[in-house]
Asks: 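Have a look at this one before I ask anything.
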Amino acid sequence: MKRLQLTLILSCILFSFQAIAESLVKPQTQGDVTFVSGGVGGDERSAMQAIRTDYNLSLLFSVQGSGEYLSDVKVSITDSKGNTFLETVADGPMLLASLKPGRIPLLLN
């Protein structure tokens, strides 16, 4: 009985944290792609990490060498034929996206 109560309590806590995370970062949609960006500040970074498993692409923008986080990064995801799936400017150092299964070459500028 105590194990069941503990399981229910933990489930409620995890569900509550997921709801709080989703209130801090707002998912957006472009075509078939759902994405979120942000991660500025500890609370928002924790919120992004809490929903990370809901997305199949995770990008973190930082300066090579120093590791300093970047924001306002232009992100464009296209296929080999030039079809654009996502074009946005990241609100923070993290961008999570749900892409359809397939192979999309990743080009970084």
Side-chain angles (χ1 to χ4, degrees):
M1 185 65 169
K2 286 185 181 185
R3 222 178 235 184
L4 177 62
Q5 288 175 327
L6 182 58
T7 301
L8 290 173
I9 290 170
L10 288 175
S11 296
C12 289
I13 290 171
L14 290 174
F15 180 75
S16 296
F17 188 71
Q18 181 82 10
I20 291 168
E22 290 176 359
S23 71
L24 288 174
V25 289
K26 303 287 184 200
Q28 302 174 54
T29 302
Q30 277 187 28
D32 293 332
V33 178
T34 300
F35 68 99
V36 294
S37 67
V40 177
D43 290 342
E44 195 171 285
R45 190 169 34 257
S46 294
M48 295 281 291
Q49 289 173 343
I51 61 173
R52 188 177 185 169
T53 58
D54 296 338
Y55 298 87
N56 59 5
L57 176 66
S58 175
L59 301 175
L60 178 64
F61 308 111
S62 64
V63 175
Q64 187 174 356
S66 71
E68 181 181 345
Y69 290 135
L70 299 172
S71 62
D72 300 321
V73 174
K74 182 179 178 186
V75 177
S76 182
I77 300 175
T78 60
D79 65 13
S80 59
K81 297 176 184 173
N83 299 314
T84 301
F85 293 96
L86 176 64
E87 194 155 15
T88 189
V89 176
D91 293 331
M94 300 174 75
L95 184 133
L96 308 173
S98 290
L99 302 173
K100 285 186 171 183
R103 190 175 149 212
I104 299 175
L106 182 61
L107 302 174
L108 302 173
N109 294 328

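The structure presented is a predicted model; accordingly, all values stated were derived computationally and were not measured. Residues take their numbers from the sequence shown, with the count starting at 1.
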Asks: Quick one: does Leu95's side chain get under 4.5 Å of Thr88's, heavy atoms only?
Replies: yes
Asks: Donor-acceptor pairs are to be reported for all side-chain atoms of residues 33-45 against protein atoms at under 3.5 Å, with residues two or more places apart or in another chain.
Replies:
unit_1: Ser37; atom_1: OG; unit_2: Asp91; atom_2: N; d: 3.0
unit_1: Glu44; atom_1: OE2; unit_2: Gly39; atom_2: N; d: 2.8
unit_1: Glu44; atom_1: OE2; unit_2: Val40; atom_2: N; d: 3.2
unit_1: Arg45; atom_1: NH1; unit_2: Gly39; atom_2: O; d: 3.4

Asks: Starting from Val75, can I reach Val63 by hopping between I/L/V/M/F/W/Y residues whose side chains sit under 4.5 Å apart?
Replies: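 Hydrophobic grouping puts Val63 with Val75.
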Asks: With side chains defined as the heavy atoms from C-beta onward, is the minimum distance between Ile77 and Leu57 less than 4.5 Å?
Replies: yes
Asks: For residues Asn56 and Ser98, report the shortest heavy-atom separation together with the two atoms involved.
Replies: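 Taking Asn56 first and Ser98 second, the nearest heavy atoms are OD1-CA, 3.4 Å.
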Asks: Does Ser62 have any side chain to side chain contact (heavy atoms under 4.5 Å, CB included) partners at least two apart in sequence or in another chain, and if so, which?
Replies: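 Testing Ser62 for side chain to side chain contact (heavy atoms under 4.5 Å, CB included), a comparison that skips the adjacent residues, returns Tyr69.
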Asks: Taking all heavy atoms of Met48 and all of Val25, pick out the closest pair and write down the distance.
Replies: SD-CG1, 3.5 Å
Asks: Applying the 4.5 Å side-chain criterion to the ILVMFWY set and letting contacts propagate, would Leu70 and Leu59 be lumped into a single cluster?
Replies: yes
Asks: According to side chain to side chain contact (heavy atoms under 4.5 Å, CB included), who are the partners of Ser71, at least two apart in sequence or on a separate chain?
Replies: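 Ser71 satisfies side chain to side chain contact (heavy atoms under 4.5 Å, CB included) with no residue once adjacent residues are dropped.
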Asks: Can you name the side chain to side chain contact (heavy atoms under 4.5 Å, CB included) partners of Asn83, sequence neighbours left out?
Replies: Asp79, Lys81
Asks: When you group the ILVMFWY residues by side-chain heavy-atom contacts below 4.5 Å and let the links chain together, are Ile51 and Leu60 in the same group?
Replies: yes
Asks: List the residues meeting salt bridge (Lys or Arg N to Asp or Glu O under 4.0 Å) with Asp72, not counting sequence neighbours, and say none if there are none.
Replies: none
Asks: Looking at every non-hydrogen atom in both residues, tell me the closest pair between Phe61 and Ala90 and how far apart they are.
Replies: CE1-CB, 3.7 Å
Asks: Using the side chain to side chain contact (heavy atoms under 4.5 Å, CB included) criterion, which residues pair with Gln64? Sequence neighbours excluded.
Replies: none
Asks: Hey, what do you get for OG1 (Thr53) to CG (Leu96), rounding to the nearest 0.5 Å?
Replies: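 Answer rounded to 0.5 Å: 9.5 Å.
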